[in-house]
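None of these values were measured; they are calculated from a predicted model.
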Amino acid sequence: MKFFHSLPLNAINGITHLLIEDNPKESQIEYLNSLQFSGNYLLTFINDILEINRIESENVPVENIQCAFHTQLKNIQNSFKEIAQENNNIFEIDIDKSIPEHLICDPTKLSQIIINLVNNALKFTKNGHVRLSTHLEEIQDKTIKIKFQVADNGIGIPEDKQHEIFESFSQGSIEINRKYGGTGLGLAIVKRLVELLGGTITLNSKVGLGTTFTFILPFQVSETLVEEKKPLETEEPVETVVEGKRILLVEDNKINQMITKKMLENRGMSCRILDNGEDSVTLLRKEPDSYDLVLMDVHLPGINGTIATQQIREFNTQIPIIALTAISLNENREMLLSYGMTEVLTKPFEPEKFYKIIADHLL
């Protein structure tokens with residue numbers, strides 16, 4: 001499966017979001033919220049299936065780049081503050097101080113593993129504690145091994161289900177699936193990613209007492225310091241940052257044009273639409289200061305969005321260009337950024353993420 005055509009789901013999620021924002025009748029709100037929930041669930045399900053397929057097809061390169069280990073874990077902790085509060089949980093991290101800050105690793109896959117495990121722990125725990133801890137297990141020259149543990153005091157996993165919990169579509173029982181939701185693919189993805197990074201993962205769990213996942217990964221110690229970049233974030237409300245900004249949307253699909261334009265205008269932005277890459281290059285060369293940001297669809301008639309971005313970067317290196325791409329097995333963020341794109345947004349959009357990414361890159 002080379003490419004997943006997400007147009008119907010993008011239309012469902014996008015139009016549902018617009019209807020919810022358009023002062024619906026009270027009798028319609030429940031139906032729209034149910035439609036939104038179903039669309040988001042389907043999107044998660046499709047993403048998880050494609051991620052499993054991508055890993056199992058061995059089409060996943062492992063990066064070896066410098067990362068700020070302690071900073072990365074603290075950023076993950078900060079990102080879970082609101083989710084932890086939903087079930088009245090406390091989420092803590094404990095980082096072994098003997099672990100160097102500057103390591104060589106694949107930070108994206110490491111984050112994906114930890115985020116999946118922490119998200120699961122917070123979902124299956126109520127009025128409790130979730131703890132992410134790390135311990136330096138072994139040192140050999142410039143190679144170290146770090147033990148990670150994600151522990152909770154939630155509902156636990158029955159002993160007879162533990163042997164299959166890392167298999168696809170397994171959540172322990174039908175009752176668990178119905179009560180807590182989810183696709184049953186998260187732990188399968190975690191196991192495959194841990195193995196891809198050269199590690200192993202185990203679990204220890206008792207019903208009613210909680211669960212602890214333990215995995216050990218190898219890392220190289222970086223010989224040079226990492227230049228720690230502060231994330232592009234603003235404390236100002238998104239509406240304040242984006243209001244009055246001029247957006248160029250390069251998108252050939254009429255439904256996507258309508259949805260995206262309306263979403264932009266609902267937050268006070270103006271939007272001009274072009275339906276091909278060649279015209280976007282010509283326009284930005286002719287009017288370099290007329291737009292504050294470009295939303296560039298990757299798949300376009302004529303030259304695609306990546307080639308158009310490459311050509312724009314030959315004469316304009318400053319304007320933010322955000323890639324818009326449907327769910328795909330063969331495309332990844334690093335590949336798209338290598339063409340000069342500033343950030344990547346996957347269709348269908350999550351509205352909050354859509355507005356936040358635009359605001360972050362309009363600073």
Side-chain angles (χ1 to χ4, degrees), residues 41 44-45 48-49 51-52 55 69 72-74 76-99 109-138 145-218:
Y41 179 89
T44 301
F45 189 66
D48 284 350
I49 288 176
E51 182 66 14
I52 283 284
I55 295 170
F69 182 78
Q72 185 172 350
L73 296 191
K74 290 173 183 174
I76 290 174
Q77 181 188 27
N78 290 334
S79 72
F80 273 105
K81 282 182 179 178
E82 291 184 9
I83 296 175
Q85 290 171 0
E86 288 177 8
N87 278 347
N88 195 31
N89 290 317
I90 296 172
F91 173 39
E92 302 172 317
I93 64 171
D94 179 18
I95 305 174
D96 187 339
K97 290 183 173 61
S98 62
I99 298 174
K109 292 181 182 60
L110 177 62
S111 291
Q112 192 174 359
I113 292 165
I114 295 171
I115 287 169
N116 265 298
L117 291 174
V118 171
N119 191 59
N120 250 21
L122 291 170
K123 180 169 68 172
F124 293 114
T125 304
K126 192 171 184 180
N127 303 316
H129 288 79
V130 174
R131 187 178 187 84
L132 164 64
S133 60
T134 62
H135 178 70
L136 182 57
E137 286 283 286
E138 185 180 314
K145 288 187 177 180
I146 300 175
K147 180 171 75 174
F148 298 79
Q149 286 191 318
V150 177
D152 66 66
N153 60 348
I155 63 173
I157 302 168
E159 189 174 348
D160 63 337
K161 299 293 182 183
Q162 292 180 17
H163 70 283
E164 63 187 38
I165 202 68
F166 290 110
E167 300 302 318
S168 299
F169 303 105
S170 174
Q171 278 194 310
S173 70
I174 294 173
E175 291 77 15
I176 294 294
N177 180 275
R178 286 174 177 168
K179 183 174 180 179
Y180 293 93
T183 64
L185 290 167
L187 291 178
I189 292 171
V190 163
K191 183 174 186 290
R192 285 157 176 78
L193 287 175
V194 168
E195 292 172 348
L196 193 66
L197 297 181
T200 56
I201 185 167
T202 58
L203 75 92
N204 184 278
S205 184
K206 291 188 181 297
V207 173
L209 297 178
T211 303
T212 299
F213 287 93
T214 302
F215 62 98
I216 299 175
L217 292 177

Please round to the nearest 0.5 Å and tell me the distance separating atom CZ of Phe124 and atom CD1 of Ile157. 8.0 Å
Output all residues satisfying side-chain contact (heavy atoms from CB on, under 4.5 Å) with Asn119, sequence neighbours left out; order by chain, then residue number. Phe80, Ile83
Below 4.5 Å, heavy atoms only, C-beta onward: do Leu132 and Glu92 meet side chain to side chain? no
Any side-chain heavy atom of Asn116 within less than 4.5 Å of one from Asn120? no
Rounded to the nearest 0.5 Å, the OG1 atom of Thr125 sits from the CG atom of Asn88 at a distance of 12.0 Å
To the nearest 0.5 angstrom, please state how far the CG atom of Asp96 sits from the CD1 atom of Ile146. 8.5 Å
Lys206 side, atom NZ; Ile155 side, atom CD1 - distance, nearest 0.5 Å: 16.0 Å
Just to verify, what does Asp94 make a salt bridge (Lys or Arg N to Asp or Glu O under 4.0 Å) with, not counting sequence neighbours? Arg131
Side chains of Val190 and Ile201 in contact at under 4.5 Å (non-hydrogen atoms): yes
Working note: Glu195 + Thr200, criterion side chain to side chain contact (heavy atoms under 4.5 Å, CB included); need CA distance, chi angles, decisive distance, verdict. CA-CA 6 Å; Glu195 292 172 348; Thr200 56; over 6 Å; no
Any side-chain to backbone donor/acceptor pair from Asp152 onto Val130? Under 3.5 Å, distance only. no
Value for OG1 (Thr134) from CZ (Phe69), rounded to nearest 0.5 Å, stands at 5.0 Å
Output all residues satisfying side-chain hydrogen bond (donor to acceptor under 3.5 Å, both in side chains) with Ser111, sequence neighbours left out; order by chain, then residue number. Gln72
Test side-chain contact (heavy atoms from CB on, under 4.5 Å) applied to Lys109 - qualifying residues, sequence neighbours left out: Val60, Asp106, Leu193, Leu196, Leu197
Between Phe166 and Arg192, what is the shortest heavy-atom contact and its length? O-NH1, 3.9 Å
Side-chain donor-acceptor distances from residues 207-216 under 3.5 Å, at least two apart:
unit_1, atom_1, unit_2, atom_2, d
Thr211, OG1, Ser205, OG, 2.7
Thr214, OG1, Gln149, NE2, 3.0

Would you check if the side chain of Asn87 reaches a backbone N or O of Asn89 as a donor-acceptor pair within less than 3.5 Å? no
Rounded to the nearest 0.5 angstrom, the NE2-CD1 distance for His135 and Ile95 is 14.5 Å
Before you tell me yes or no, could you show the steps for Ile93 and Lys74 under side chain to side chain contact (heavy atoms under 4.5 Å, CB included), namely the whole-Å CA-CA distance, both residues' side-chain angles and the distance that decides it to 0.1 Å? CA-CA 8 Å; Ile93 64 171; Lys74 290 173 183 174; 3.9 Å; yes
Qualifying residues under side-chain contact (heavy atoms from CB on, under 4.5 Å), relative to Glu138, sequence neighbours excluded: Gln140, Lys145
Heavy-atom distance under 4.5 Å between the side chains of Leu117 and Phe148, does that happen here? no
